[in-house]
Amino acid sequence: MAMFNNTSIFTSKNFIHLQPTNLTSYNNTFKPHTLNLHLPRVSSTPQNQPINVNYLQTEFNCHGTSFTTLGDSCVVRMSLENGSVATLMLPSGLVTSYKAPMWHGGLLELLHTSVSEEEGDGENVSIRGGVSVVLRCEGSGGVVWEPSVWDLRSVCGAPDESIKVELISSNSEEKIEIKHIVTLQQDAISSEIVITNLRPSPLKLMGSIIGHLAISTPEATYAIGLESSNYFVKPPIYSNFSIVPPDFSNNDSSSRNSFKQLLSGWGLGSPNDSFNDRTAKNEQEDEDIEGEEEENYKHLTEKMSMIYTSAPRSLTIMDRGKRNSVIVSREGFDELYIFSPGSRHKSYGKYSYICIGHAALLKPITIGPQSEWRGVQHLHNPNICNGMASSQPSKKGLKSSGGSGGASSGVKFARRTSSGRYVNLSKDDVESTGETSGDYTNYTVHIPATPENETSVATKAEEQYVSNSLFTGGFNSVTRAHLMDKVIDSEVSHPQMAGSKGSSCAMPACDGNVVKDERGFDIMPCECRFKICRDCFLDAQNDTGLCPGCKEPYKTSDDDDLPGSAAGSLSLTGTDGKRTSLIKRNQNSEFDHNKWLFNETSGTYGVGNAYWPPDGDGGDGKSGGGLGDPADKPWRPLTRRIPIPTNIISPYRLLIAIRLIVLIFFLTWRVTHPNNDAMWLWFMSIVCELWFAFSWILDQIPKLCPINRSVDLQLLHDKFESPDKINNPLGRSDLPGIDFFVSTADPDKEPVLVTANTILSILAVEYPVEKVACYVSDDGGALLTFEAMAEACSFADLWVPFCRKHDIEPRNPDTYFSLKGDPTKNKKRLDFVKDRRRVKREYDEFKVRINNLPDSIRRRSDAFNAREEMKIIQKIRESGVDPTEPIKVKRATWMADGTHWPGTWTSPSPDHKKGDHAGILQVMLKPPSPDPLHGSGDDDSLIDYSDVDIRLPMFVYMSREKRSGYDHNKKAGAMNALVRSSAVLSNGPFILNLDCDHYVNNRMAVREGICFMMDRGGEDICYIQFPQRFEGIDPSDRYANHNMVFFDGNMRALDGVQGPFYVGTGCMFRRFALYGFDPPKSNLLANEKKGADGNASATETQALKASDFDPDLDVNELPRRFGNSTLLSNSIPVAEFQGRPIADHPAVTYGRPPGVLRSAREPLDASTVAEAVSVISCWYEDKTEWGDRVGWIYGSVTEDVVSGYRMHNRGWRSIYCLSKRDAFRGSAPINLTDRLHQVLRWATGSVEIFFSRNNAFFASKRLKFLQRLAYLNVGIYPFTSLFLIVYCFLPALSLLSGHFIVKDLNATFLIYLLLMTLCLIGLAVLEVRWSEVTLEDWWRNEQFWLISGTSSHLAAVLQGILKVIAGIEISFTLTAKAVEDSDDIYAELYLVKWTSLMIPPIVIAMINVLAMVVAFSRTIYSINPQWGKFVGGAFFSFWVLAHLYPFFKGLMGRRGKTPTIVFVWSGLIAITLSLLWVAINPTSSPADTTGGGANFKFP
């Protein structure tokens, strides 16, 4: 074997062996068997020695190639196991054939080749067409070389993946080497040219890789993607292998043998002319034949010969006659040559092809000295079938033999047979047996999206199969797709939902069901309407291709407007009031492509035969109808920033400045005037006061810039959703997609009924249905949650259209039916009362089913476990063995279809317990169709939905894999798993996360948030935070659960700086920001991307790569940052592009073109869902940056604040969206103990932030100063508890010791005290005004600040210090969402649950009460009582006790239920302690009464 050495098996004087240089690496990753062979030339060149075909066959047969002699040439045949075949001629290097396996199971020839006799020579034949290489190399001095003979260099690869054949041609005198590499892959064939210039001077290259694509008819062929590309009209390319009709040029056939004549025909002169002279001539002659392509879907009916200079790197040739498309892409070449003979040629059948060439013809390519250049042409066949249809065994044969189903890559399928047996088969099993199953063959039909693109029966069947399958997988286990006969015990009716079934299959002995379309109608692929299931349909196609019903070949029915039409096509109301199909057919039942794609009157693409009202009539009697061009309207912003009124904000800022100055003077005075009689008391007070001043600055200064915002929802609709007769005939939405995340962990603490109501409110949100996807993360892996979500999807079939029909608000059914007042208010439809009564009855039954699920699952599992136990006993008895030990059967949890639940079992077992179970993913509601589907008004329907869109958003249940030994990072880990799985499945550019108890209260809230993201300048917004609102709180809000001061005060103020904090729920994220990238710069596009002419192209049309946003991110580093999922990595730039604002204004420097998001979503297939399962595996995040830079950040129990801080620290900004109607509402713990534990968790997270690198002290310069102060306060505020608890004891210590914090109460101290008090009152009043909170809310916040500061915050600080010093991990209690049934909705409020957090406030209260009693007793017994001293000390103690008043009420429980003996005992203890103090320290003389500070007089 040799690789570019000086020896070879066959030597030739014409073959030049080049020594390896430092410029080119000749190592091949395939490690091929390499030979250097000389092969004879084509008939037009001198003949040489014949080829030793037998030797080639022996040497390279193992690589999937075969060699055959054809005259003086050699035919190289490359064959892959999936059926792909390609042939290559030697020594000409002509690729004559490429046959690809198609979605229908057969092979299709994609190349056009013609064979004819050479003129004047009856012995030789000429083979033209296919894929050929035409090159011309020109060096300095006018030396020209055209490679025409190719020698075989190597063959490498394997038939199960790809085959690569490398040819070589070289010129030793000019030191030029050209490699021609033909690579056959499973779904593509590539022709690669690698030119090495070993000369000391530059080399100019002209030429093309020309491919002849076979087509059915030019009328059915389109070139897609050429819009706005510049072109030149040129004569066709004449070469040795090009096919050009004779009447296209006066040149005779001999002109094809010279590339020189080709250039001369274009005005490029002779080869001896200088390049500059030829270019000048060419530009002069082409002045009048230059243009710009106006059609994106270019119909190739007319003859054409053009060279495009700014065409996209990839375009699609679509042949609707063959139901096929070919994606042609290029690398290296800047020009695109397209030639079409057209449909009017007299020899039409002979020239039914399209010529595509990636070329350098108008502008040569310059290859520098000692350099290498590479150019590639790819012909990609996206319609490939992974398994040939002819090799698929029938379903009946599978059942009878107990065989297995085939699988797509990485997926193992399981299906229950008619006998109840489950069969599994992995990919390895398929490969070892050489069989694939028609049941589970994975295929993807790629037809470029058109407004009325039909979906084949097979595609619909695949999508329904995916939605009916439960996917599981994880660490060291293969991904399985378990086809479920039913998901829940109750009946499923909606066609999108998992478990929905069509009619029974009419084939004998088949228990299958007919596939449903989007409307729920049976899909029948034959016009005789014979009902057949997916499996039998594939069997019939593979066997005979005949319909079992009518015995005729399968063809599409003419009557498309009937419910059971084959394509399930949509219908619109025509002028006569009848339903008309969106798809027209001609008289012979074949597709009329012209009528399908073009409106017969206007010729506008995409209109079809959809009815439009006459001009001036919008269909409702009003003119316009919203169909005007939005560009004709004046530009307006979607949002406005409303400043706080000057008469409020100016005095507010002035008072802050005044109080800050007074505070500085006061602290200076306090430090310089110590109390020498009680230095310990003075020192404690001054330290506390200094800290309080510092804490006040951190809290108050960021409030200097509060603002309000407003949105224009009508303008959002006009910009993104208005129908337009030309640009948007179907009225599709251009809004970006949004993925909802709902997380739950324990169905016992978070009731599934609450979660189900949250899901129902999300599914009914007012947003384009096709743009919404909802994901629920069940971190407990409970079957109870799974079936509750399935029940919610089933009820959504009734609830969601009801909400749309009657504009229901709120769309949480439990909240809606609990509202007080008249439900008919503002309702216009006459059938509202009847519909509401029916829906209410159905919802009551739904709640009964949800509440009975635990018992239903338990009874079902007991029954199946008993059956399994009886089977084991029966087998033992049949074997004649008497068991000596009791039979042990795993107490499994069973699903509704009679199979084991792969998640957590009620009786824990290995691989089926909390923290140890497989990953689970179920698409419960498959993606909806792109256009509205109206319901029916039949008598059988419960409610008339004939004019209501009945589609439901996509819904996915997900439970990530958990295994022992892995840190799953609690909620943050679950959210990151949702980010990854959703990126693979739907990849919405925006994410909105909600807790399981937070429902959508405002159906327009999502649109309000999108207004900010889609407005000018919205590209640097990382998230939109909505305020948290709670219901079920006691009217007095005893424990400040509403937290109004924080949400309406602090957060609104931060909105004027860099944005509010992320608070864990009710937040809309930009997905791209979660991936750890910096915000895009406005000049990024112009700097990074250039057009074909070297100038900056239109910014809004550019889609960037991940490395464009992070220069330090190498493409090879993507797996290290994001994991090894290619689908996930590829989804990142797509999400970034789709999340940009639309470029509808010159000021939008970073945007996307309008209308690009109107295309339909790709249907799901098994391989995509399997990939989503793999990214939620427990090992996926190992050695990646998930949780460190990407996604939710790990290492803190308050992952929300840390994640938001990281985004702000990278320069992103956030927005606070305060809507008139609360966007979301949830529940909060109203019990004192639960509330304290909730605050403990928040404070613990803040302490962790303080001791971590997320401390704002270490923030970057991108974090604004006021924002930095706010984040500093987040990490510091718990430490205030250390000083607060000391300060709460100071009044008691003053009363007990007889000393005060100051030596004398002089006028200076009182003035300072008065000024600070007045400033505090003024600030409170003004803050209440601009934040729109009440004084009561402000006072409740002050009270609970002291309660939590002396309990939860103190415990958090101690735990945080222990973790840092001793490494003791911090644990917290999950906030309970469940409330026991009671007649009193506030029963939980009065429940007293002891916790150690209550000890510090109790001690403070007891000490202060005791000090007041002791001081009072001492004053009474004093000979000279000092009542002023007592009143002053008691006043401060009372101030502390007043703040603790809600705490006392929580300890007392329900009014009237506290035993009287408690008060008696408390009084006796207080009196006894007081008398004891007096007895121990009696007042003996008047001097004693004055020694304790008798001079103290409190005003």
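Residue indices begin at 1 and follow the sequence shown. Just so you know, these numbers use all the heavy atoms, side chains as well, and skip hydrogens, waters and symmetry mates.
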**Request:** Please test L94 against L88 for side-chain contact (heavy atoms from CB on, under 4.5 Å), starting from the C-alpha separation and ending with a verdict.
**Result:** CA-CA 6 Å; L94 175 67; L88 172 68; 5.8 Å; no

**Item:** Test side-chain contact (heavy atoms from CB on, under 4.5 Å) applied to V131 and V182, step by step
**Value:** CA-CA 10 Å; V131 178; V182 180; over 6 Å; no

**Request:** With side-chain hydrogen bond (donor to acceptor under 3.5 Å, both in side chains) as the test, would you mind laying out the steps for E1171 and S1125 before giving the verdict?
**Result:** CA-CA 8 Å; E1171 183 76 5; S1125 173; 2.5 Å; yes

**Prompt:** So I210 and C355, side-chain contact (heavy atoms from CB on, under 4.5 Å) or not? Walk me through it.
**Reply:** CA-CA 7 Å; I210 305 176; C355 187; 3.1 Å; yes

**Message:** Show, in sequence, the C-alpha distance, side-chain angles and deciding distance for L985 and V1169, and conclude whether the side-chain contact (heavy atoms from CB on, under 4.5 Å) test is met.
**Reply:** CA-CA 7 Å; L985 295 178; V1169 183; 4.1 Å; yes

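Checking each of L152, V95, L184 against V165 for a side-chain contact (heavy atoms from CB on, under 4.5 Å) leaves exactly one that passes, namely L152.
Side-chain contact between V155 and E166: absent, with no pair of heavy atoms (C-beta onward) separated by less than 4.5 Å. Counting heavy atoms from C-beta outward, L379 and L110 have side chains that stay 4.5 Å or more apart. By the 4.5 Å heavy-atom criterion applied to side chains, L111 and L213 are counted as neighbours. Side-chain atoms of S191 and V133, non-hydrogen and from C-beta on, never get closer than 4.5 Å to each other. L167 places a side-chain heavy atom less than 4.5 Å from the side chain of L90.
A distance of 4.0 Å separates CD1 of I317 from CD1 of I356, quoted to the nearest 0.5 Å. With values rounded to the nearest 0.5 angstrom, R153 atom CZ is found 13.5 Å from S169 atom OG. With rounding to the nearest 0.5 Å, the separation of CG in N324 from OG1 in T221 is 10.5 Å. Distance CG/L336 to CZ/R313: 10.5 Å, rounded to 0.5 Å. The line from CD1 of I168 to NZ of K179 is 7.0 Å long, rounded to the nearest 0.5 Å. Atoms OG1 and CD1, from T183 and I189 in turn, are 8.5 Å apart once rounded to the nearest 0.5 Å.
Contact record, I127 with F241: O-CD2, 3.6 Å, taken as the closest heavy-atom pair. Closest approach of F333 and I209 over heavy atoms only: CE1-CD1, 3.8 Å. Considering every non-hydrogen atom in both G64 and I163, the closest pair reads O-CD1, 3.4 Å. Across all their heavy atoms, K164 and I181 have their closest contact at CG-CG2, 3.4 Å. Nearest heavy atom pair, residue S79 against residue P159, reads O-CB, 3.7 Å. The heavy-atom pair separating P902 from I920 by the smallest distance is CG-CD1, 3.8 Å.
Judged by distance alone, with hydrogens and angles left aside, the side-chain atoms of T316 form no donor-acceptor pair with the main-chain N or O of I224 at under 3.5 Å. Judged by distance alone, with hydrogens and angles left aside, the side-chain atoms of E192 form no donor-acceptor pair with the main-chain N or O of G375 at under 3.5 Å. Under a 3.5 Å cut-off, the side chain of S1131 and the backbone N or O of L1128 do form a donor-acceptor pair. Side-chain N or O atoms of H482 include none that pairs as donor or acceptor with a backbone N or O of S469 at under 3.5 Å. The backbone N or O of M89 lies less than 3.5 Å from no partner atom in the side chain of S73, so there is not a single donor-acceptor pair. With hydrogens and angles ignored, the 3.5 Å screen pairs a side-chain donor or acceptor of S208 with a backbone N or O of H358. Of the possible polar contacts, one joining the H380 side chain to the D187 backbone as a donor-acceptor pair under 3.5 Å is found. With hydrogens and angles ignored, the 3.5 Å screen pairs a side-chain donor or acceptor of Y1180 with a backbone N or O of F1122. In this structure, the side chain of R330 engages the main chain of P312 through a donor-acceptor pair within 3.5 Å.
Side chains of Q186 and S84: no donor on one and acceptor on the other come within 3.5 Å. There is a side-chain donor-acceptor pair under 3.5 Å between H378 and E331.
Annotation for R77: atom CZ does not count as buried by contact number, only 12 or fewer foreign heavy atoms lying within 6.0 Å.
In this structure, the ring of Y353 has its center less than 6.0 angstrom from the ring center of H112.
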